[in-house]
Amino acid sequence: MAEGIAKQSEDYSRWYTDVVLKAELADYSPVKGSMVIRPYGYGLWENMRDKLDQRFKETGHVNAYFPMLIPESFMHKEAEHVEGFSPELAVVTHGGGKKLEEPLVLRPTSETIIWDMYRKWIQSHRDLPILINQWANVIRWEMRTRLFLRTTEFLWQEGHTAHATAEEAEEETRRMLDVYVDFAETEMAVPVIKGIKTEREKFAGAVRTYCIESLMGDKKALQAGTSHDLGQNFAKAFDVTYQSETGQREFVWATSWGVSTRLVGALVMAHGDDDGIIMPPRLAPIQTVIVPIYKKDDERTATVAEAHRVGKILKDAGIRAHVDDRDNFKPGWKYAEWELKGVPLRLEIGPKDLEKKSVFSARRDIREKMGFPVDGIVDAVNDRLETIQKALFDKAVQFRADNTHRVEDWNQFKDVLENKGGFLYAHWDGSTETEEAIQEETKATIRAIPLDDDFEDGVCVFSGKPSKRRVLFAKAY
RNA sequence: CGGGGCGUAGCGCAGUCCGGUAGCGUACUUGUCUGGGGGACAAGUGGUCGUAGGUUCAAAUCCUAUCGCCCCGACCA
């Protein structure tokens, strides 16, 4: 269909790269593993950022900014944290032409520098809680990179909160996980599974890591967000204490939570088809594109004018509309381009529409075409956009349901994983050895111990040992 | 770091085996016709062939070195 794009069914990974490049979401930068986010991709990220930021503010958080350079020694203060991040640190050894006395690391995440500051800011229970979020870039020296999904530098938000009690911290961790669920499902139209990470998969330095997992179009899982209960690990490593109401000196309880530009990749892979991206209307940088149709010059003048007039009506009503009045492309070419870019709704205005005072519309997701009167167009477009938003979510839910399997024994596990893919619910004995053995043999990992799953006695699909619940397995990004 | 591929016009590629002074598609510019699903014709613009050195009368092509990127595997949001 679309020119120069691999088919999903033939080479999904190629399809993804083609779409990201051709839709101008991003481009490769001169440095291996890093990328430029182009205006259209950045516009999408800005919309995501705004919707998230709004939710963070609503839950009582404030934004701040901590620096990118961190003394190397900070990274060594929390044992698990060092171990987890050491292999992927980028280190600055020189500045101003001189070798530095102490190397500086480029933040892979900001727990250490933030908790170093929190030590100064926290003395009393009256200083708590601290609910800070920051929007920032981070650097992780990854071996294998992919546009948006895993790059050396990426943009994200990281929330870092400090609390007086373990209960409060745990409550915060869960609250923000739910914020992510709501964001993913409401704005991105991507359904997610809430769960807890296994000991092996949890964040380096956390007591417990919660996550949301989503299913991509190639039936592989993608972690879309994480929320960590850090316990007192960082408070102890950085000696952050407060005096309680009863005068006791106590260590502070911590959380951190984040989502990144990886979500852009998730959105592309959750909804896209062979013709390109399909943007959920609530996040689409352009919600509707208006294409004037004409033959002669007088028609051109009239339809372009009408397109701009309608565009202004829509924009004034808060709809992100764009008039494509370029004269060097034919309508058919424009249709293909905007479909590649995933604009949810296309409006065409030609001579016939001028006569009838109507516009012709085409939905990106199901290709449905219909005309409607210009009179009342704001309501009509809003109605279409809402319908598309819902349809995308429903379709994704159905896709996930079709690709979620309960498996009972090892042969079935391997068979389903190999031949069907998707999410596998299976019993697991709870041991890291089993988890690793399963990955070794099948490449599948435990994505999450689901929060909503019903408990049920059974035996581990691999070891045959007793198990009290199923966990979620999948091949993952 | 192991395996594979590739650096030639903005983009995609041929030419390299077998040295002879650079070509195709597309994009771009101009014009005419076209325009409701990726148009046609015509005339044009555009390249230190990744970089450095060597062999040769002559190097995109042969030799040596070097840099970089992509894909596949081991780590990860």
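Per chain, numbering begins at 1; letters A, B, ... match sequence-line order. Hydrogens, waters and symmetry mates are skipped; everything else that's a heavy atom, side chains included, is used.
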K.L.:
Starting at CH2 of Trp333(A) and ending at C1' of A40(B), how long is that distance when rounded to a whole Å?
P.N.:
18 Å
K.L.:
What distance separates Lys197(A) NZ from Lys202(A) NZ, expressed to the nearest 0.5 Å?
P.N.:
13.0 Å
K.L.:
Considering Watson-Crick and G-U wobble pairs with both distances under 3.5 Å, what does U61(B) pair with?
P.N.:
none
K.L.:
Kindly assign one of parallel, tilted or perpendicular to the pair Phe329(A) and Trp333(A), based on the angle between their ring planes and the thresholds 30° and 60°.
P.N.:
parallel
K.L.:
For nucleotides U8(B) and G44(B), find the distance between their P atoms and express it as a whole number of Å.
P.N.:
27 Å
K.L.:
Which base sits across from U66(B) as a Watson-Crick or G-U pair, both distances under 3.5 Å?
P.N.:
G50(B)
K.L.:
Tell me whether the side-chain N/O atoms of Lys443(A) come closer than 4.0 Å to OP1 or OP2 in G73(B).
P.N.:
no
K.L.:
Provide the distance between the two C1' atoms, one in U29(B) and one in G10(B), to the nearest whole Å.
P.N.:
14 Å
K.L.:
Just checking Phe203(A): base, sugar-phosphate only, or nothing, at a heavy-atom cut-off of under 4.0 Å?
P.N.:
nothing
K.L.:
To the nearest angstrom, how far is Lys202(A) atom NZ from A77(B) atom P?
P.N.:
12 Å
K.L.:
Pick base, sugar-phosphate or nothing for Leu149(A), based on heavy-atom distances below 4.0 Å to the nucleic acid.
P.N.:
base
K.L.:
Could you tell me whether Pro331(A) contacts a base, only the sugar-phosphate backbone, or nothing, with contacts defined as non-hydrogen atoms closer than 4.0 Å?
P.N.:
sugar-phosphate
K.L.:
Side-chain contact test, heavy atoms from C-beta onward, threshold under 4.5 Å: evaluate it for Asp116(A) versus Ile70(A) and give yes or no.
P.N.:
no
K.L.:
Taking the same atom, P, in C11(B) and in G50(B), what whole-Å distance lies between them?
P.N.:
13 Å
K.L.:
Report yes if some heavy atom in the side chain of Arg282(A) is under 4.5 Å from a heavy atom in the side chain of Leu385(A); otherwise report no.
P.N.:
no
K.L.:
Between atom CZ in Arg300(A) and atom P in G36(B), what is the gap in whole Å?
P.N.:
15 Å
K.L.:
According to the Watson-Crick and G-U wobble definitions, with both distances under 3.5 Å, which nucleotide is paired to A9(B)?
P.N.:
none
K.L.:
Is any side-chain heavy atom of Arg384(A) closer than 4.5 Å to a side-chain heavy atom of Pro281(A)?
P.N.:
no
K.L.:
Whole angstrom is fine here: how far is it from CG in Asn328(A) over to P in U32(B)?
P.N.:
15 Å
K.L.:
Select base, sugar-phosphate, or nothing to describe what Thr151(A) touches, counting heavy atoms under 4.0 Å on all strands.
P.N.:
base
K.L.:
Please tell me which of the listed nucleotides, G36(B), A74(B), C75(B), lies nearest to the side chain of Lys330(A)?
P.N.:
G36(B)
K.L.:
Between Thr17(A) and Phe154(A), name the one whose nearest nucleotide on RNA chain B is closer to the 5' end.
P.N.:
Thr17(A)
K.L.:
For the base of G37(B), is there a side-chain donor-acceptor partner from Arg367(A) under 3.5 Å away?
P.N.:
no
K.L.:
Categorize Arg146(A) for me: base, sugar-phosphate, or nothing, with a 4.0 angstrom heavy-atom threshold over every strand shown.
P.N.:
nothing
K.L.:
Rounded off to whole Å, could you give me the CD-to-C1' distance for the Glu337(A) and G39(B) pair?
P.N.:
16 Å
K.L.:
What is the nucleic acid contact for Val31(A), judged by heavy atoms within less than 4.0 Å: base, sugar-phosphate only, or nothing?
P.N.:
sugar-phosphate
K.L.:
Determine the interatomic distance between P on A9(B) and the same-named atom on G39(B); round to the nearest Å.
P.N.:
26 Å
K.L.:
Let me spell it out: for each of Arg262(A) and Gly332(A), pick the nucleotide of RNA chain B with the closest heavy atom. Which residue's pick is nearer the 5' end?
P.N.:
Gly332(A)
K.L.:
Treating Asp353(A) as the side-chain partner and Gly350(A) as the backbone partner, does any N or O pair qualify as donor plus acceptor under 3.5 Å?
P.N.:
yes
K.L.:
Going by purine N1 to pyrimidine N3 plus the second Watson-Crick contact, or the G-U wobble pair, all under 3.5 Å, which nucleotide sits opposite G2(B)?
P.N.:
C72(B)
K.L.:
So is the aromatic ring of Tyr335(A) stacked onto the base of G38(B), judging by whether the centres are under 5.5 Å apart and the planes are under 30° apart?
P.N.:
no
K.L.:
Just name whichever nucleotide pairs with A40(B), Watson-Crick or G-U, keeping both distances under 3.5 Å, else none.
P.N.:
U32(B)
K.L.:
Base, sugar-phosphate, or nothing for Lys334(A), non-hydrogen atoms under 4.0 angstrom?
P.N.:
nothing
K.L.:
Could you tell me how far C71(B) sits from U66(B) if I compare only their C1' atoms? Round to whole Å.
P.N.:
23 Å
K.L.:
Any donor-acceptor pair under 3.5 Å between the side chain of Glu299(A) and the base of G35(B)?
P.N.:
no
K.L.:
Any chance you could measure Phe360(A), atom CZ, to Phe372(A), atom CZ, to the nearest 0.5 Å?
P.N.:
10.5 Å
K.L.:
How is Tyr28(A) classified with respect to the nucleic acid when contacts are heavy atoms under 4.0 Å: base, sugar-phosphate, or nothing?
P.N.:
sugar-phosphate
K.L.:
Separation of Asp327(A) atom CG from U32(B) atom C1', in whole Å?
P.N.:
14 Å
K.L.:
Starting from P on A27(B), measure out to CZ on Phe329(A) and report it in whole angstrom.
P.N.:
9 Å
K.L.:
Just wondering, do Leu267(A) and Val190(A) contact through their side chains at under 4.5 Å, heavy atoms?
P.N.:
no
K.L.:
With P as the reference atom in both, quote the distance from C41(B) to U26(B) in angstrom, rounded to an integer.
P.N.:
9 Å
K.L.:
In whole Å, measure the gap between the C1' atoms of U32(B) and G5(B) for me.
P.N.:
45 Å
K.L.:
NA contact type, Ser13(A), heavy-atom cut-off 4.0 Å: base, sugar-phosphate, or nothing?
P.N.:
sugar-phosphate
K.L.:
Paired with U55(B) by Watson-Crick or G-U wobble geometry, both distances under 3.5 Å: which nucleotide is it?
P.N.:
none
K.L.:
Choosing from G36(B), A74(B), C75(B), which nucleotide comes nearest the side chain of Asp353(A)?
P.N.:
G36(B)
K.L.:
Using a 4.5 Å cut-off on heavy atoms from C-beta on, say whether the side chain of Ile290(A) contacts that of Leu314(A).
P.N.:
yes
K.L.:
Does U21(B) have a Watson-Crick or wobble partner in any strand here, with both distances under 3.5 angstrom, and which is it?
P.N.:
none
K.L.:
What contact category does Gly350(A) fall into here, base, sugar-phosphate, or nothing, at under 4.0 angstrom with non-hydrogen atoms?
P.N.:
base
K.L.:
So Gln223(A), base contact, sugar-phosphate only, or nothing? Heavy-atom distance under 4.0 Å.
P.N.:
sugar-phosphate
K.L.:
If you check the Lys295(A) side chain, which of G35(B), C28(B), C75(B) turns out closest?
P.N.:
G35(B)
K.L.:
Sticking with atom C1', work out how far A43(B) lies from G35(B), rounded to a whole angstrom.
P.N.:
23 Å
K.L.:
Could you give the CD-to-P distance, from Glu24(A) to C11(B), as a whole number of Å?
P.N.:
14 Å
